[in-house]
Engineer: 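Below is a structure I'd like to ask you about.
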Amino acid sequence: MNLDKQKRRAGRALLNIDHQAHELLGPYAESKAMDALHPVSKLADQPQLRMISGALLLAGLLRQDRRLARAGSRMIVAHEAATIAKDAIKTEIERTRPRSAESKDDKKPKRGKRSDKEVTSFPSGHSAGAIAAARAFSREFPEYGIAAVGGATLLALLQIVRCAHYPTDVTAGLALGLAAEKATDLAWSAATRDELSEEEEA
């Protein structure tokens, strides 16, 4: 089997997983239970994550807690990097969200430039931003790392349950968020080393 056939087969398998998840969860998307989860899922929205990150930074500055201030700063930088990355992909790919898809063909990602909310399902920005912020926080507070990353992952999975995203959207979002955070961590570490070197020379 050549590479192209393998790619097509893998693509069909992933699309089938997305389709089955939608078929399973779709009937409950408008239920009272899903409505109750809506405020929780909003914690992964950009304004809320920015507010949480900014609040930690401000609290750290007011309390003169350098670790807390660094955590808030890291979260802001990582979240913005993840947001820029997912926006770049969303502007190139169209995919109808599960709640708006009327056929299996609607669920296929394809090249396009439309920016309507209902056709920008891939990748999940909630997932990318939440995991990037959580991982950044855990750099400064590793003792809370499992809780932070676990919470962010649950928020990401809620997007599937609510039929806001497909499983592959969320998986891609999580991978993108982790990659963005890693890049910002490397830049942060390099900047920190430079600052320490300058202080030692002084």
Side-chain angles (χ1 to χ4, degrees), residues 8-53 75 78-79 82-83 85-87 89-112 114-135 137-138 144-181:
R8 285 195 294 270
R9 176 174 287 186
R12 286 193 296 268
L14 291 173
L15 183 61
N16 194 46
I17 290 172
D18 289 341
H19 178 66
Q20 288 177 354
H22 182 217
E23 291 290 297
L24 175 66
L25 298 168
Y28 308 101
E30 303 298 326
S31 67
K32 290 183 178 179
M34 291 302 104
D35 288 341
L37 289 173
H38 183 68
V40 178
S41 72
K42 296 293 283 183
L43 290 172
D45 271 356
Q46 292 177 33
Q48 285 83 341
L49 284 173
R50 286 171 178 149
M51 187 179 300
I52 292 169
S53 303
M75 289 170 69
H79 174 261
T83 299
K86 67 90 178 175
D87 283 345
I89 296 174
K90 278 183 181 288
T91 58
E92 298 295 329
I93 297 177
E94 292 180 13
R95 191 182 200 188
T96 305
R97 293 178 185 271
R99 62 190 175 216
S100 299
E102 296 180 355
S103 67
K104 193 170 184 178
D105 191 59
D106 283 344
K107 301 168 188 177
K108 293 180 181 178
K110 48 186 174 289
R111 290 195 172 277
R114 286 195 297 166
S115 58
D116 301 1
K117 184 179 180 65
E118 293 307 306
V119 293
T120 54
S121 188
F122 184 90
S124 167
H126 283 77
S127 305
I131 200 68
R135 185 69 185 95
F137 175 81
S138 72
Y144 300 119
I146 293 176
V149 173
T153 303
L154 286 175
L155 287 173
L157 293 175
L158 275 180
Q159 308 312 312
I160 301 172
V161 175
R162 294 179 52 245
C163 288
H165 286 286
Y166 303 97
T168 52
D169 295 340
V170 168
T171 302
L174 290 172
L176 187 65
L178 288 171
E181 190 283 328

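Atom set for the values below is all heavy atoms of this structure, side chains included, hydrogens, waters and symmetry mates excluded. When a residue number appears, it is its place in the shown sequence, counting from 1.
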Engineer: So does Ile93 get a backbone contact from the side chain of Lys110, meaning a donor-acceptor N/O pair under 3.5 Å?
Structural biologist: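 No, the answer is negative, given that no donor and acceptor are paired below the 3.5 Å cut-off.
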
Engineer: Rounded to the nearest 0.5 Å, what separation is found between the CE atom of Met51 and the CG atom of Leu43?
Structural biologist: 11.0 Å

Engineer: Looking at every non-hydrogen atom in both residues, tell me the closest pair between Ala156 and Leu174 and how far apart they are.
Structural biologist: CB-CD2, 3.9 Å

Engineer: Roughly how far, to the nearest 0.5 Å, is the CG atom of Leu176 from the OG atom of Ser127?
Structural biologist: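 Going from OG on Ser127 over to CG on Leu176, the span is 10.0 Å.
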
Engineer: Could you go through Ile52 and Met75, starting from their C-alpha distance and side-chain angles, then the distance that decides it, and tell me whether this counts as side-chain contact (heavy atoms from CB on, under 4.5 Å)?
Structural biologist: CA-CA 9 Å; Ile52 292 169; Met75 289 170 69; 4.3 Å; yes

Engineer: For Cys163 versus His22, what's the shortest heavy-atom pair and its separation?
Structural biologist: SG-CD2, 4.1 Å

Engineer: Can you give me the closest heavy-atom contact between Ile160 and Leu25, atom names plus distance?
Structural biologist: O-CD1, 3.5 Å

Engineer: In the structure I gave you, are the side-chain heavy atoms of Ile17 and Thr168 within less than 4.5 Å of one another anywhere?
Structural biologist: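 With C-beta onward as the side chain, the pair stays apart.
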
Engineer: In chain order, what residues pass the ring pair (Phe, Tyr, Trp, His ring centres under 6.0 Å) check against Phe137, with sequence neighbours excluded?
Structural biologist: Phe141

Engineer: Taking salt bridge (charged side-chain N to carboxylate O under 4.0 Å, His left out) as the definition, give me every residue that meets it alongside Arg99, ordered by chain and number, with sequence neighbours left out.
Structural biologist: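 Applying salt bridge (charged side-chain N to carboxylate O under 4.0 Å, His left out) to Arg99 gives Glu118.
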
Engineer: Side chains of Lys90 and Pro123, heavy atoms from C-beta outward: is any pair under 4.5 Å?
Structural biologist: yes

Engineer: Does any non-hydrogen side-chain atom of Asp35 lie less than 4.5 Å from one of His38?
Structural biologist: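 The answer is no; the side chains never approach within 4.5 Å.
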
Engineer: Nearest heavy-atom pair of Ala130 and Ala152: which atoms, and what distance?
Structural biologist: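 For Ala130 and Ala152, the tightest heavy-atom pair comes out as O-CB, 3.5 Å.
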
Engineer: Per the side-chain hydrogen bond (donor to acceptor under 3.5 Å, both in side chains) rule, what does the pair list look like for residues 145-159, sequence neighbours excluded?
Structural biologist: Gln159-Arg162

Engineer: Sequence neighbours left out, what passes salt bridge (charged side-chain N to carboxylate O under 4.0 Å, His left out) with Asp45? Give chain and number order.
Structural biologist: Lys42

Engineer: Working note: Lys104 + Asn16, criterion side-chain contact (heavy atoms from CB on, under 4.5 Å); need CA distance, chi angles, decisive distance, verdict.
Structural biologist: CA-CA 9 Å; Lys104 193 170 184 178; Asn16 194 46; 3.5 Å; yes

Engineer: Between atom CG of Leu178 and atom CZ of Arg135, what is the distance when rounded to the nearest 0.5 Å?
Structural biologist: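 Answer for the CG-CZ pair, Leu178 versus Arg135, is 8.0 Å.
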
Engineer: Please round to the nearest 0.5 Å and tell me the distance separating atom NE2 of His165 and atom OG of Ser41.
Structural biologist: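 One gets 10.0 Å once the value is rounded to the nearest 0.5 Å.
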
Engineer: Check for a donor-acceptor pair, side chain of Arg97 on one end and backbone N or O of Val119 on the other, with a separation under 3.5 Å.
Structural biologist: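 Judged by distance alone, no pair lies under 3.5 Å.
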
Engineer: So which heavy atom on Gly129 is nearest to which on Leu49, and how close?
Structural biologist: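 Minimum heavy-atom contact is C-CD1, 3.6 Å.
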
Engineer: Test of understanding: with salt bridge (charged side-chain N to carboxylate O under 4.0 Å, His left out), list the residues that count as partners of Asp116, not counting sequence neighbours.
Structural biologist: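 None.
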
Engineer: May I ask you to say whether Asp105 pairs ionically with Lys108, meaning some side-chain N is under 4.0 Å from a carboxylate O?
Structural biologist: yes

Engineer: I'd like to know whether CD of Glu92 has more than 12 heavy-atom contacts from other residues, nucleotides or ligands below 6.0 angstrom.
Structural biologist: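 Yes.
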
Engineer: State, yes or no, whether a side-chain contact exists between Met34 and Glu30 at a heavy-atom distance under 4.5 Å.
Structural biologist: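 A side-chain contact is absent here, since even the closest heavy-atom pair is not under 4.5 Å.
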
Engineer: Taking only residues two or more places apart in sequence or in another chain, which ones pass side-chain contact (heavy atoms from CB on, under 4.5 Å) with Thr83?
Structural biologist: Gln46, Arg50, His79, Lys86, Asp87

Engineer: Counting only N and O atoms by type, is there a donor-acceptor contact under 3.5 Å from the side chain of Thr171 to the main-chain atoms of Pro167?
Structural biologist: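 Indeed, once roles are kept as given, a pair shorter than 3.5 Å links the two residues.
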
Engineer: Over all heavy atoms of both residues, which pair between Asp169 and Arg95 is shortest? Give the atoms and the distance, please.
Structural biologist: OD1-NH1, 2.8 Å

